[in-house]
Amino acid sequence: MNWILLIIAGLFEVGFASCLGKAKETTGLVSTYWMIGFFVCLSISMILLYKATQVLPIGTAYAVWTGIGAVGTVLVGIFIFKEPAAFWRIFFLSTLIASIIGLKFVSSH
């Protein structure tokens, strides 16, 4: 269950990073709405990360949380914000995914 909470927390990290990107692209009230989304996603992500670290080792949990956020944010950047999907970018993204999976398998919980 704690791994599920951690994965959801990582997805909300993607949400708050994505909201920042959209807030940067907009102005006025629309930008304010994206910032509200940022704070909501940030709060949920932190609460779930906190709950997951009550059982999971903090080092592993934090690394997996940031990894999910990094991978997800890069993918959102590529598919939503039209950032480049160069070979080396995808290659290192793949190594990050492999590292996240590896941490999950070597964790004691």
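All figures in this text were calculated on a predicted structure; none of them were measured in a lab.
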Would you check if [X] and [Y] make a side-chain contact, meaning some heavy-atom pair closer than 4.5 Å?
{"X": "Val55", "Y": "Met1", "answer": "no"}
{"X": "Leu56", "Y": "Leu6", "answer": "yes"}
{"X": "Arg89", "Y": "Pro84", "answer": "yes"}
{"X": "Leu75", "Y": "Leu93", "answer": "yes"}
{"X": "Val74", "Y": "Leu96", "answer": "no"}

[atom2] on [Y] to [atom1] on [X], rounded to 0.5 Å:
{"X": "Thr66", "Y": "Ile100", "atom1": "OG1", "atom2": "CD1", "result": "7.5 Å"}
{"X": "Thr73", "Y": "Ile68", "atom1": "OG1", "atom2": "CD1", "result": "11.0 Å"}
{"X": "Ser31", "Y": "Lys22", "atom1": "OG", "atom2": "NZ", "result": "11.0 Å"}
{"X": "Lys104", "Y": "Ile7", "atom1": "NZ", "atom2": "CD1", "result": "8.0 Å"}
{"X": "Thr26", "Y": "Met35", "atom1": "OG1", "atom2": "CE", "result": "10.0 Å"}

key: Short side-chain to backbone donor-acceptor contact, Thr32 and Gly28, under 3.5 Å   =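 Yes; at least one donor-acceptor contact below 3.5 Å.
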[X] with [Y], same ILVMFWY side-chain cluster at under 4.5 Å:
{"X": "Ile101", "Y": "Tyr62", "result": "yes"}
{"X": "Trp3", "Y": "Val71", "result": "yes"}
{"X": "Val14", "Y": "Ile80", "result": "yes"}

Counting only pairs under 3.5 Å, give me each side-chain donor-acceptor contact of residues 39-47, with atom names and distances, residues two or more places apart or in other chains.
residue	atom	partner	partner atom	Å
Ser43	OG	Phe39	O	2.9
Ser45	OG	Ala9	O	2.8
Ser45	OG	Trp65	NE1	2.9

ask   = Taking all atoms of both residues into account, what is the closest heavy-atom pair of Ala85 and Ile90, and its distance?
value =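 What the structure gives for the nearest pair is O-CG1, 4.0 Å.
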key: Shortest non-hydrogen contact from Ala61 toward Thr53   = CB-CG2, 3.7 Å
query = Are there more than 12 heavy atoms of other residues, nucleotides or ligands under 6.0 Å from atom OH of Tyr50?
reply = no
task = Not counting sequence neighbours, list each pair that qualifies as a ring pair (Phe, Tyr, Trp, His ring centres under 6.0 Å) and has a residue in residues 8-37.
result =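 Residue pairs passing ring pair (Phe, Tyr, Trp, His ring centres under 6.0 Å), neighbours aside: Phe16-Phe38.
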inquiry  = Once ring pair (Phe, Tyr, Trp, His ring centres under 6.0 Å) is applied, what residue pairs with a partner in residues 84-103 remain, sequence neighbours excluded?
reply    =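 Non-adjacent pairs meeting ring pair (Phe, Tyr, Trp, His ring centres under 6.0 Å): Trp88-Phe91, Trp88-Phe92.
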